[in-house]
Amino acid sequence: MLKIYNTLARDKQDFQPIEPGKVRMYVCGMTVYDYCHLGHARVMVVFDMVQRWLRASGYAVTYVRNITDIDDKIIRRAADNNESIHSLTQRFIDAMHEDADALGVQRPEHEPRATQYVPQMLEMIGKLEANGLAYQAADGDVNYAVRKFAGYGKLSGKSLEDLRAGERVDVATDKNDPLDFVLWKAAKENEADEVKWDSKWGRGRPGWHIECSAMGSDLLGKHFDIHGGGADLQFPHHENEIAQSEGAHQCQYVNTWMHNGFVRVDNEKMSKSLGNFFTIREVLKQYDAEVVRFFILRAHYRSPLNYSDAHLDDAKGALTRLYMALKGNPPQPSLVREGAEGADSTLNREGAQGTGSSPDGTTSHSTRPSKDDSQVAGYDKGRLGGVDVDWNEPHAARFRAAMDDDFNTPEAIAVLFDLANEVNKTRSPQLAAQLVALAGVLGLLQRDPQEFLQGGATAGGLDEAAIGAQIAARIAAKKNKDFASADRIRKELLEAGIVLEDGAAGTSWRRA
RNA sequence: GGUGCGUUAGCAAAGCGGUUAUGCCCCGGAUUGCAAAUCCGGUUAGCCCAGUUCGACUCUGGGACGCACCUCCA
C-alpha cells in the first residue's frame with residue numbers, strides 16, 4: 001500500500017485514488033523568463049519519479065505540469081531585452097525541455113501555458129465574485145476576499161491573525177484587507193497589448209495564483225488526487241489555490257498535497273533572489289546528467305539537498321559502482337519466469353516495449369505517455385530495451401516497500417547497491433537484469449555501461465584512438481615483461497583521467 | 001515576533017524501541033607481475049538534559065543550534 005506524506009494532514013497517509021486505478025496529478029512548473037536552475041531540476045526529477053512509481057504500480061496517470069508564461073518578471077525581462085513576451089517565453093520553454101530531457105524527465109501529458117487559459121480563469125473569477133469571495137477594488141484590480149473563505153490557512157497551518165500582513169509589506173491600499181490577493185490585474189498604460197485581455201472587469205491580465213486553479217480544474221477536474229510543488233509554494237500560492245478552487249467549486253480541491261525540499265548551497269536555499277543558483281545547463285557541462293539525477297534521487301524528496309562539487313563527485317563514484325557491476329555482468333532476463341502467475345497483482349511492468357513476455361497479465365491500465373524511447377532525448381536514449389522487473393524477487397520486494405513508503409528513494413537505491421553486490425558475487429545475468437529493471441523504475445541505469453564509464457570526455461582530453469594506442473603499447477610492453485614501461489603508460493593515462501583495468505577479457509578503460 | 005521542519009559516524013544519507021542500512025573515504029585480507037575492478041573483514045554514529053522502558057539513535061518533555069515560510073521564488 002502506497003503511503004504519501006500529505007502536507008494537508010502533516011502525516012503519511014494511505015493513498016487512495018478518487019477513481020480506482022487512475023491518478024490525476026498537477027505540479028506547479030516554471031515561470032519561463034530564465035534558464036532552469038538545480039532547484040527546478042529537483043521538482044522535475046522528483047515528480048517524474050513520483051509519476052513513474054505510480055505508473056509502475058499500475059495506475060493510469062494523468063500528469064499536468066504547467067508553464068507560467070505571463071507574469072511581472074516576464075514582462076520586465078521582455079522589456080529589458082526589447083523582445084516580445086512570446087519570443088522570450090518560447091525560448092526558455094525550449095531550454096526547459098532540453099534540460100528536462102537531459103535529466104531523463106518524461107514529458108507530462110499536459111503542459112498548459114497560462115496564456116492559453118485566460119477564458120477559464122475569467123470564468124472562475126466570475127464564480128468567485130458570484131459566491132461573494134471576489135470584489136473589484138477602486139484601482140480596477142479584482143481581489144480575493146480572504147476573510148470570506150473559512151478554510152484559509154489549512155494547508156500552511158497559518159491563521160489569519162498570525163499572518164498580520166501589514167507588518168512586513170506595504171499594504172496595498174485598495175484592498176479591503178491586506179491579506180487579500182489579486183485575481184485580475186487591471187491593465188497598465190505602459191504595458192504591451194500582448195499582456196492585455198478583455199474581461200467584464202476591464203482590460204487586464206490574470207494574477208499568478210488563479211492560473212493554476214484554472215488549469216488544474218480544466219484538465220483534471222474540480223477534485224483531483226495529487227498536487228505537488230516546491231515547499232516554498234505552500235504559502236501563499238497553494239493556500240490561495242485552495243481558496244480559489246474550493247471557493248469557486250464548493251467542493252474539495254485536492255486530496256494529497258506534496259512538497260519537495262529545497263536545493264541548498266552552503267546551507268542556504270538556492271534561489272534566484274539570493275543569486276546563489278546554478279543552472280542545469282551549467283552543471284551539465286561538468287557532470288553527467290544521470291549523475292545529477294542520481295544525486296537528486298539519493299536524498300529523500302522532502303529533505304534539504306546540499307549542492308556542491310564534492311557531493312556530485314560522491315554521487316558519480318556511487319553511480320560508477322552500479323555501472324561497474326553491469327559492465328562485468330551483462331544482464332540477461334530469464335525467458336521463463338517461474339511463479340509468474342502468482343505475481344504481485346498491483347504492480348505491472350514498467351518501460352516494457354514490446355518484449356511480449358508479460359506473463360502475469362494483470363491490471364494493465366497504464367497509459368504511459370505514448371512516446372517510444374527514440375523520442376527520449378537525454379541519457380535515457382539508447383537504453384538496453386525495456387527490461388522487466390521480477391516483482392517476486394526479494395530485492396524487488398524491498399525496493400517496492402521503500403517506494404511505497406512515501407517514495408523513499410534513498411532506501412530504494414540502497415537496495416540497488418545490495419543487488420549490485422549480489423550481482424558481482426553471483427555473476428547472475430538474471431540478477432543483473434533485475435538491477436537494470438529496478439533502476440529503470442527510477443529512470444537510472446538504462447545506458448550501456450561502457451557509454452557511462454567512458455563518456456564525459458572533457459575538452460582537451462584524450463580521444464578513444466589515442467587511448468587505444470596507449471593500451472596496445474602497454475600490452476606489448478607487458479608481453480616483453482617490460483613492466484616499468486607498462487606501469488609508466490598506465491600512470492600517464494591515469495594522470496589524463498583514464499583508469500585502466502586488466503581483466504580476464506583483456507584491458508579495458510574508463511574515465512575517472 | 002508567528003508558524004513549520006531538521007540536528008545520525010570523516011563526508012553524504014535511510015530504516016528501526018533490542019539484531020550489518022547504503023554510497024564515498026580510511027585500514028586489513030583475498031585476487032593481481034604491480035595496480036584497478038571485485039570479494040571478505042574492520043574502524044568511525046546518533047546535539048544537550050530529563051523522563052517512559054528490562055532495554056532508546058528510535059517514544060515523551062525541555063533546551064541549544066540550523067534551515068525555511070510569513071514578500072516574487074521549485
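The chains referred to below are lettered A, B, ... by the order of the sequence lines, with proteins before strands, and numbering in each begins at 1.
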Which atom of A/Phe15 lies closest to which atom of A/Met1, heavy atoms considered: O-CE, 3.3 Å
Using a 3.5 Å cut-off on both pairing distances, which stems of three or more Watson-Crick or G-U pairs include RNA chain B? B:1-7 with B:64-70, B:10-12 with B:22-24, B:26-30 with B:38-42, B:47-51 with B:59-63
Could you check whether A/Ala299 gets within reach of a base, just the sugar-phosphate, or nothing at all, counting any heavy atom under 4.0 Å? sugar-phosphate
Which part of the nucleic acid does A/Asn408 contact within heavy-atom distance under 4.0 Å: base, sugar-phosphate only, or nothing? sugar-phosphate
Give the minimum heavy-atom separation between A/Gln90 and A/Arg113, together with the two atoms involved. OE1-NH1, 2.9 Å
Any carboxylate oxygen within less than 4.0 angstrom of a Lys/Arg side-chain nitrogen, looking at A/Arg293 and A/Asp48? yes
Answer with base, sugar-phosphate or nothing: what part of the nucleic acid does A/Gln234 contact at a heavy-atom distance below 4.0 Å? nothing
Roughly how far apart are A/Trp257 CH2 and A/Tyr5 OH, rounded to 0.5 Å? 14.5 Å
Can you tell me, in whole Å, how much space there is between the C1' of B/rA12 and that of B/rA45? 14 Å
Rounding to an integer number of Å, can you tell me how far A/Ile296 CD1 sits from B/rA12 C1'? 15 Å
Base, sugar-phosphate, or nothing: which does A/His37 touch, judged by heavy atoms less than 4.0 Å apart? base
So, does the side chain of A/Lys269 form a donor-acceptor pair with the base of B/rC67 at under 3.5 Å? no
Should A/Glu239 and A/Lys158 count as an ion pair when the cut-off is N to O under 4.0 Å? no
Is a donor-acceptor pair below 3.5 Å formed from side chain A/Lys425 to base B/rC39, judging by atom type as modelled? no
Roughly how far apart, to the nearest Å, are B/rG42 and B/rA74 at atom P? 48 Å
Go through the N and O atoms of the side chain of A/Asp314 and the base of B/rG23, and report whether any donor-acceptor pair is under 3.5 Å. yes
Do the side chains of A/Asp34 and A/Lys73 get close enough for a salt bridge, i.e. N-O under 4.0 angstrom? no
Contact class for A/Asn424 (heavy atom, under 4.0 Å): base, sugar-phosphate, or nothing? sugar-phosphate
Taking for each residue the nucleotide of RNA chain B with the nearest heavy atom, is it A/Thr31 or A/Pro410 whose nucleotide lies nearer the 5' end? A/Pro410
Ignoring hydrogens and angles, does a donor from either the side chain of A/Arg490 or the base of B/rA35 sit under 3.5 Å from an acceptor on the other? yes
Is a donor-acceptor contact shorter than 3.5 angstrom present between the side chain of A/Arg321 and the base of B/rC24? no
Shortest non-hydrogen contact from A/Gly140 toward A/Ala186: C-CB, 3.8 Å
Return the stacking result for B/rA74 and A/Phe262: yes when the ring centres lie under 5.5 Å apart and the planes under 30°, no otherwise. no
Kindly indicate whether the side chain of A/Asp502 and the base of B/rC34 share any N or O donor-acceptor pair separated by less than 3.5 Å? yes
P-based separation of B/rC72 from B/rA14 [nearest Å]: 30 Å
